[in-house]
Amino acid sequence: MFRKKTFYGADIPPACGYCEHGRRAADPRMILCCKRGVVSPYYHCKRFCYDPLLRVPRRQPKLPSFTAEDFRLD
């Protein structure tokens, strides 16, 4: 009946890499979670709470370069 409102769409899968309870460990492949301890960045638990400031978005693909000849009609 009542659902949590999702930020930035519902297509972002939950992961401890951008949870408000997780912090980066000295090992860049692990996350220190105050609820679960040391976990993988792709792990998530029922206490997952999305923090949009921790998420690093994917890079946009480079646009191809065009010349004037590409737009010429013959």
Side-chain angles (χ1 to χ4, degrees):
M1 185 168 161
F2 296 105
R3 292 187 178 184
K4 286 185 177 180
K5 186 176 180 181
T6 57
F7 291 104
Y8 305 107
D11 58 343
I12 299 171
C16 284
Y18 40 85
C19 176
E20 76 175 22
H21 302 293
R23 301 288 173 251
R24 294 246 178 243
D27 181 8
R29 296 173 299 189
M30 301 306 273
I31 299 293
L32 297 173
C33 178
C34 64
K35 304 292 182 186
R36 295 286 177 178
V38 179
V39 295
S40 167
Y42 305 107
Y43 175 79
H44 70 279
C45 64
K46 67 180 182 177
R47 299 211 184 251
F48 173 77
C49 189
Y50 180 64
D51 186 0
L53 298 177
L54 293 177
R55 188 174 146 270
V56 178
R58 290 186 219 141
R59 288 187 153 250
Q60 293 291 326
K62 275 192 134 181
L63 295 176
S65 59
F66 294 106
T67 63
E69 209 165 291
D70 291 332
F71 296 102
R72 209 175 86 199
L73 297 174
D74 290 329

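Just so it is clear, the structure is predicted and the values come from calculations on it, not from any experiment.
In this structure, the side-chain contact (heavy atoms from CB on, under 4.5 Å) partners of Phe71, at least two apart in sequence or on a different chain, are Phe66. Taking the side-chain contact (heavy atoms from CB on, under 4.5 Å) definition, one finds that Gln60 meets it with nothing, sequence neighbours left out. Applying the side-chain hydrogen bond (donor to acceptor under 3.5 Å, both in side chains) rule to Arg72 yields the partners Asp74; only residues at least two apart in sequence or on another chain are considered.
Closest heavy-atom contact between Phe48 and Ala15: CE1-O, 3.1 Å. Looking at every heavy atom in both residues, Cys16 comes nearest to Ser40 through CB-O, 3.9 Å.
Distance check, rounded to the nearest 0.5 Å: SG of Cys49 to NE2 of His44 gives 13.5 Å. The CZ atom of Arg47 sits 9.0 Å away from atom SG of Cys34, with the distance rounded to the nearest 0.5 Å. In this structure, the separation between CD1 on Ile31 and CZ on Arg24 is 4.5 Å, given to the nearest 0.5 Å. Summarising the geometry, atom CZ belonging to Arg36 is positioned 11.0 Å from atom NE2 belonging to His21; distances are rounded to the nearest 0.5 Å.
Val39 and Leu32 are assigned to two separate hydrophobic clusters, defined by single-linkage of ILVMFWY side chains at heavy-atom distances under 4.5 Å. Under the 4.5 Å side-chain heavy-atom criterion for ILVMFWY residues, no single connected hydrophobic cluster contains both Met30 and Tyr43.
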